[in-house]
Amino acid sequence: MPKQKKIQVRTQRRMNGTAKLSSKLRSIQFIITLTFTGVAVLVAIIVSLLLYDKFASTAEDNANLNMQQIVEQVTYNLDLYVEGMRNIYEMAERQIANVGSIDSPVLQERLSTMMQTREDLFSVAVFTPQGELVLNQPQSAMRRNTKLTEQSWFTEPSKTQDIFFSPPHIQNLFEYKYNWVVSMSKRITYREGGVSKTGILLIDFNFRTIDELSKQVQLGKRGYAYILDNLGNIVYHPQQQLIYAGLKYENVEPVLEYSFRSYLDESTGEKRFITVRTLPQTGWKIVGVAYYDEIVTTKRDLNRFLSVFLAVVILCVIVVSILLSARIARPIRRLERTVKQVGEGDLYTPINVSGAYEVEQLSKRFNQMLQRIRQLMDQIIFEQEAKRKGELEVLQAQINPHFLYNTLNSVIRLAERGKTDEVVRMIQSLSKFFRISLSKGKAFIRMEEELDHIRHYLVIQSIRFRGKFTYEITAEEQVLGLRTLKLILQPIVENALYHGIEMMPDEGFISIDAKLEGGNVVIRVSDNGLGMSPEVMNGILSGSIRSDKGSGVGVKNVHERIGLYYGREYGLAFESELEEGTTVTITFPAEMAEPAEMANLAERAGPSGPAKPAEGQKGGGTS
């Protein structure tokens, strides 16, 4: 296959594919599916976004509220514990104030009993303003170089009348195990040797209890709580060692500004929710820290759930829309296929489509329309047959008087010249010509009769034209018994004479050849006349070419009669070149003649036998 041809084939295939795709995209099923799916998906997306926004906001609020509740619970527990520490301190202060002398064994016994009842109570001691030990429980020797006068629990009581709570620190005053403690101190009055003196009461509580209360805080997987004193010092932190080592940083400035606050902090490079609560008795601030990414994880889980939900909804919507649109479009497609068959010419295909009310009504109306079309077509065929019959009769009425007038004039001229033989021959041919033309009003005759009819016509015309042309008629034996529409050759031969040969300076020649080709009768009428231009040749069958010579509508009439009886694929075809000649090819299906037509031929032949076959007949006219 040539390259150009391959390119054309590929281009045609692409165009066909594009056309099919375009038809599918414009189908009612696709439009319904797309519309229904689009609307449903849009609604699902809007609902999902609203739900996500609502649930995400709710999740964030719930997380923040939960953190606040946890921090408030820890604050409450610590407040209770601090209240208990204050009560113990006040109890110890009262016992010291109520004894006659601070070195009384009764006081030592009471303090010892108090310490045994509280596991978190580490030590009780009284110091003079100069830092000398007056009383301690449990009794133990003091360490050297403790620098107690520089410690906050010793210096702060001189500045306030309330109990001072120190930050957590290591107890280094007495010679026993080091412990993390929170010290409570205050200036008190005691009696020694009957003299009232001023001193500092120090009670150390084990920090472990506060540590355990603070460790109970669970703010997500990474969240925690820590405690600040009113100066911004960290009282407790779950990552205390990292704080002291400088590996972790807490932004305490915003915390110190408020006693009750919740805010979002990004100072450490991560988003964190901060909740601040304050212990009223100590001024300590309980700070809860929750990481935003854990709340986002909840949002992410919600987002994943909504994505799966949306995907399932979209899938279900697509399936439902496809099934629904198929149910709606199925009867319409059946109707479309039936209409296509009707469009291809099958007007007898009934349409029985069930489905929606509108489709059923359309089916009924279409069947009524088909019935009406068939009635109209039958009427048109009847009218066309009547019209063609009338045209044929008009044609014959035009041919016969005109042709008879010219022929009789020729006979008179021949008789005046004494050419008796030619007169007899011409009158015999005229008689046979009109007998075949009439044919008792029948539309079909045998091919042998049609060829015999045109032979008589040529005999008459050759005498009239005085040797202007010669002719030859040949036919295959199997063609002679076939039936044909009558008078299909005479208008064509007449055109050949008047438009092709009459104006020639040389002798003309007309050839008529009838053959059987592929189940069709093919008759070729050729002449060596002047020929025709393409414009004239194309205008003959359309009827746009008219002349004052010949039959006028004869050739067009022959073509339309053949098409009407046998189908539009049959009829006349022209081949012509100027100054070379013209060939007219007549094609129609081969059909055997009816018995009545055979009887008509025998009657015409008379007792002498059947008519002589036209094969190989030649003739020429002389003046």
Side-chain angles (χ1 to χ4, degrees), residues 388-389 392 395-396 399 428-429 431-461 471-497 510-527 551 554-555 557-567 569-574 583-606 608-619:
R388 294 306 174 202
K389 185 175 180 180
L392 179 59
L395 177 63
Q396 288 178 313
I399 293 173
Q428 287 178 342
S429 295
S431 173
K432 294 177 180 179
F433 174 82
F434 277 104
R435 172 181 285 188
I436 296 173
S437 296
L438 296 175
S439 301
K440 297 182 180 181
K442 295 180 179 180
F444 289 91
I445 59 176
R446 278 167 39 96
M447 274 299 304
E448 184 175 357
E449 293 180 279
E450 180 68 15
L451 293 174
D452 200 22
H453 177 267
I454 198 62
R455 181 176 62 82
H456 291 302
Y457 176 78
L458 287 171
V459 167
I460 295 171
Q461 293 290 34
Y471 62 90
E472 181 181 20
I473 302 175
T474 59
E476 293 180 350
E477 186 67 30
Q478 61 268 34
V479 173
L480 298 178
L482 301 178
R483 70 199 298 256
T484 178
L485 286 168
K486 70 178 181 180
L487 298 181
I488 60 173
L489 291 176
Q490 187 268 333
I492 298 172
V493 172
E494 182 179 356
N495 271 3
L497 285 173
I510 296 176
S511 171
I512 301 173
D513 179 52
K515 294 183 179 180
L516 190 63
E517 296 181 1
N520 293 329
V521 176
V522 179
I523 306 173
R524 292 180 177 86
V525 179
S526 302
D527 66 73
S551 62
V555 176
N557 180 278
V558 170
H559 180 70
E560 291 187 355
R561 285 168 58 210
I562 294 175
L564 180 64
Y565 281 106
Y566 297 111
E569 64 272 26
Y570 301 103
L572 307 184
F574 288 82
T583 298
V584 181
T585 303
I586 307 172
T587 306
F588 56 88
E591 297 178 357
M592 289 300 297
E594 298 293 334
E597 295 165 355
M598 297 293 292
N600 180 62
L601 179 64
E603 179 184 349
R604 184 178 63 85
S608 61
K612 184 179 179 180
E615 182 178 357
Q617 295 184 14
K618 297 183 180 180

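Worth saying up front: this structure is predicted, and the values here are computed from it rather than measured.
- For the side-chain contact (heavy atoms from CB on, under 4.5 Å) test with Val558, the passing option among Leu487, Leu572, Leu489, Leu485 is Leu572; the others fail.
- Across all non-hydrogen atoms, the minimal contact from Thr587 to Ile562 is O-CG2, 3.8 Å.
- Note that the NE2 atom of His559 and the CD1 atom of Ile492 stand 11.0 Å from one another [nearest 0.5 Å].
- Contact annotation: the side chain of Leu482 approaches that of Met592 to within less than 4.5 Å [non-hydrogen atoms, C-beta and beyond].
- Between the side chain of Arg561 and the backbone N or O of Lys486, at least one donor-acceptor pair lies under 3.5 Å.
- How far CG of Leu458 is from CD1 of Ile510: 5.5 Å, rounded to the nearest 0.5 Å.
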For Phe574 and Val555, what are the C-alpha separation, side-chain angles and deciding distance, and is it a side-chain contact (heavy atoms from CB on, under 4.5 Å)?
CA-CA 11 Å; Phe574 288 82; Val555 176; 3.6 Å; yes
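- Closest approach of Ser526 and Thr583 over heavy atoms only: OG-OG1, 3.1 Å.
- Counting only heavy atoms from C-beta outward, the side chains of Ile523 and Val479 never approach each other to under 4.5 Å.
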In sequence, state the C-alpha distance, the side-chain angles, and the governing distance for Leu451 and Leu480, and then conclude on side-chain contact (heavy atoms from CB on, under 4.5 Å).
CA-CA 9 Å; Leu451 293 174; Leu480 298 178; 3.9 Å; yes
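- The line from CD of Glu477 to CD of Glu448 is 8.0 Å long, rounded to the nearest 0.5 Å.
- Using a 4.5 Å heavy-atom threshold, the side chains of Val584 and Asn495 count as separate.
- Using cut-offs of 30° and 60° on the angle between ring planes, the pair Tyr566 and Phe444 is perpendicular.
- Arg446 approaches Gly481 most closely through the heavy-atom pair NH1-CA, 3.1 Å.
- Atom CD1 of Ile445 is separated from atom CD of Glu450 by 4.5 Å, given to the nearest 0.5 angstrom.
- The minimum heavy-atom distance between Tyr457 and Val493, with the atom names listed, is CE2-CG1, 4.0 Å.
- Nearest heavy atoms, Asp527 versus Ala496: OD2-CB, 3.6 Å.
- Distance check: Gln461 CD to Ile454 CD1 gives 9.0 Å after rounding to the nearest 0.5 Å.
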For Thr484 and Phe588, what are the C-alpha separation, side-chain angles and deciding distance, and is it a side-chain contact (heavy atoms from CB on, under 4.5 Å)?
CA-CA 8 Å; Thr484 178; Phe588 56 88; 3.4 Å; yes
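- Ion pair Lys515/Glu476 not flagged as a salt bridge, since none of the NZ, NE, NH1 or NH2 atoms sits closer than 4.0 Å to an Asp/Glu carboxylate oxygen.
- Across every non-hydrogen atom of Glu517 and Val522, the tightest pair is OE1-CG2, 3.7 Å.
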